[in-house]
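Contents: one structure, followed by commentary.
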Amino acid sequence: MLEIESGEDGRVILSGRLDTAQCAKAQAFLDNLGVPSVLDFAALDYISSAGLGVLLIAQKRAMKAGGSLKIINVNNHIHDIFRFSGFDKIFRIERGTH
Amino acid sequence: MHQKFFRSFDSLEPILAFTDQFFATRPINPAARYTVDLAIDELFSNMVKYNAHSPSLIGLGFAWNEEQVTVTLSDYLSEPFDITQPRPVDITLSAEERPIGGLGIHLVKQMVDSLEYHHKDGCSTIIFTKLTGNDDA
């Protein structure tokens with residue numbers, strides 16, 4: 001399951017699993033939010049290619065608005081997914097300590 | 001250990017529970033487990049997405065030894081689509097140039113240790129292996 005919410009400082013906090021079944025939920029949340037700048041992955045355990053698609057749509061939107069997304073607290077497994085897909089080159093990424 | 005699942009993205013949750021059950025008594029390195037989960041997610045989702053009107057269930061099976069896990073997905077009523085054939089993905093494109101989607105099979109090929117595709121009597125069978133990593137320091 002995926003939980004997604006806005007934190008007090010404006011960052012978007014995701015937790016659980018961003019798999020193919022949960023992408024519509026994440027997409028709808030981000031669409032309603034507009035242009036977030038920071039996504040916090042501290043409690044996100046898993047992402048699939050469909051989840052990467054959600055992130056790319058958000059990044060394209062942010063860049064059109066003159067900004068870009070920063071993804072923080074990325075675990076090692078998800079960082080591998082970013083690396084294998086080349087997403088480590090198109091997002092500002094900060095790895096977590098877990 | 002084998003089970004059949006409805007052709008729906010909603011099956012990913014029971015598939016995860018089935019996978020958890022399988023590995024409850026069989027050790028696997030966390031990185032290898034992530035790969036197994038990802039490959040099943042991507043391959044099963046492709047079967048749902050690109051063979052949406054098939055009335056058949058989709059099979060998922062596991063075999064394991066200390067060194068590797070072997071996972072088999074069976075799409076019982078399907079047209080041939082050999083996922084092992086080269087389909088280059090340009091991962092150097094900028095965010096503006098990037099298409100949405102198309103990374104699933106690329107990730108699977110990058111992360112599993114072997115990948116086979118067979119089609120016989122209308123059934124597509126995908127078999128992948130992943131080293132369990134249990135001898136890693």
Side-chain angles (χ1 to χ4, degrees), chain A residues 1-3 16-27 30-31 35 39 41 44-71 74-93 96 98, chain B residues 5-17 19-20 28-50 52 58 83 87-112 130 133 136:
Chain A
M1 289 297 291
L2 174 79
E3 296 297 329
R17 298 173 65 86
L18 183 48
D19 62 17
T20 309
Q22 300 297 320
C23 283
K25 179 179 182 179
Q27 188 69 63
L30 293 173
D31 287 349
V35 184
L39 304 182
F41 278 16
L44 190 71
D45 301 319
Y46 173 92
I47 193 167
S48 70
S49 69
L52 295 181
V54 172
L55 299 183
L56 183 57
I57 290 170
Q59 178 71 320
K60 286 174 181 280
R61 185 186 300 140
M63 293 176 80
K64 276 186 180 175
S68 68
L69 275 180
K70 183 177 179 181
I71 305 173
V74 176
N75 74 29
N76 290 338
H77 303 313
I78 293 176
H79 192 267
D80 283 343
I81 300 296
F82 284 156
R83 192 163 49 84
F84 288 132
S85 60
F87 273 42
D88 57 336
K89 301 290 191 293
I90 62 176
F91 289 92
R92 293 178 294 148
I93 294 170
H98 53 298
Chain B
F5 295 89
F6 289 112
R7 187 180 300 275
S8 165
F9 295 132
D10 291 338
S11 291
L12 289 173
E13 195 169 337
I15 283 174
L16 181 62
T19 309
D20 284 342
I28 185 169
N29 176 294
R33 172 62 199 271
Y34 192 106
T35 294
V36 169
D37 285 349
L38 180 99
I40 293 172
D41 181 342
E42 302 292 354
L43 297 170
F44 183 90
S45 296
N46 271 12
M47 290 173 171
V48 173
K49 186 175 178 182
Y50 297 112
I58 296 171
I83 64 162
R87 290 181 178 78
V89 174
D90 188 350
I91 63 168
T92 67
L93 294 175
S94 67
E96 295 97 329
E97 297 169 315
R98 283 271 186 138
I100 307 297
L103 285 169
I105 301 302
H106 167 77
L107 288 175
V108 172
K109 288 177 176 175
Q110 293 285 313
M111 297 175 73
V112 302
K130 183 65 184 175
D136 290 353

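Naming convention: chains lettered A, B, ... in sequence-line order (proteins, then strands); numbering from 1 in each chain.
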Using heavy-atom distances under 4.5 Å, tell me whether [X] contacts chain A through its side chain, its backbone, both, or neither.
{"X": "B/L93", "result": "backbone"}
{"X": "B/L12", "result": "side chain"}
{"X": "B/P99", "result": "backbone"}
{"X": "B/S94", "result": "backbone"}
{"X": "B/L38", "result": "both"}

Inset, instruction - For B/F9, check ring-ring contact (aromatic ring centres under 6.0 Å, His included) against everything at least two apart and list the hits. - result: none
Inset, instruction - Check whether A/L52 gets within reach of chain B through its side chain, its backbone, both or neither, counting any heavy atom under 4.5 Å. - result: side chain
Legend entry - Region of A/D45 that comes under 4.5 Å of a non-hydrogen atom in chain B: backbone
Inset, instruction - Check for a donor-acceptor pair, side chain of B/E42 on one end and backbone N or O of A/S49 on the other, with a separation under 3.5 Å. - result: yes
Legend entry - Qualifying salt bridge (charged side-chain N to carboxylate O under 4.0 Å, His left out) pairs, either residue in residues 48-62 of chain A, two or more places apart: A/D31-A/R61
Legend entry - Summary of salt bridge (charged side-chain N to carboxylate O under 4.0 Å, His left out) pairs that have at least one residue in residues 90-102 of chain B, sequence neighbours excluded: none
Legend entry - Exercise: do B/D41 and A/T20 side chains pair donor with acceptor under 3.5 Å: yes
Legend entry - Toward chain B: residues of residues 85-92 of chain A with heavy atoms under 4.5 Å: A/S85, A/G86, A/F87, A/I90
Legend entry - Approximate separation, where rounding is to 0.5 Å, of B/I15 CD1 and B/D37 CG: 10.5 Å
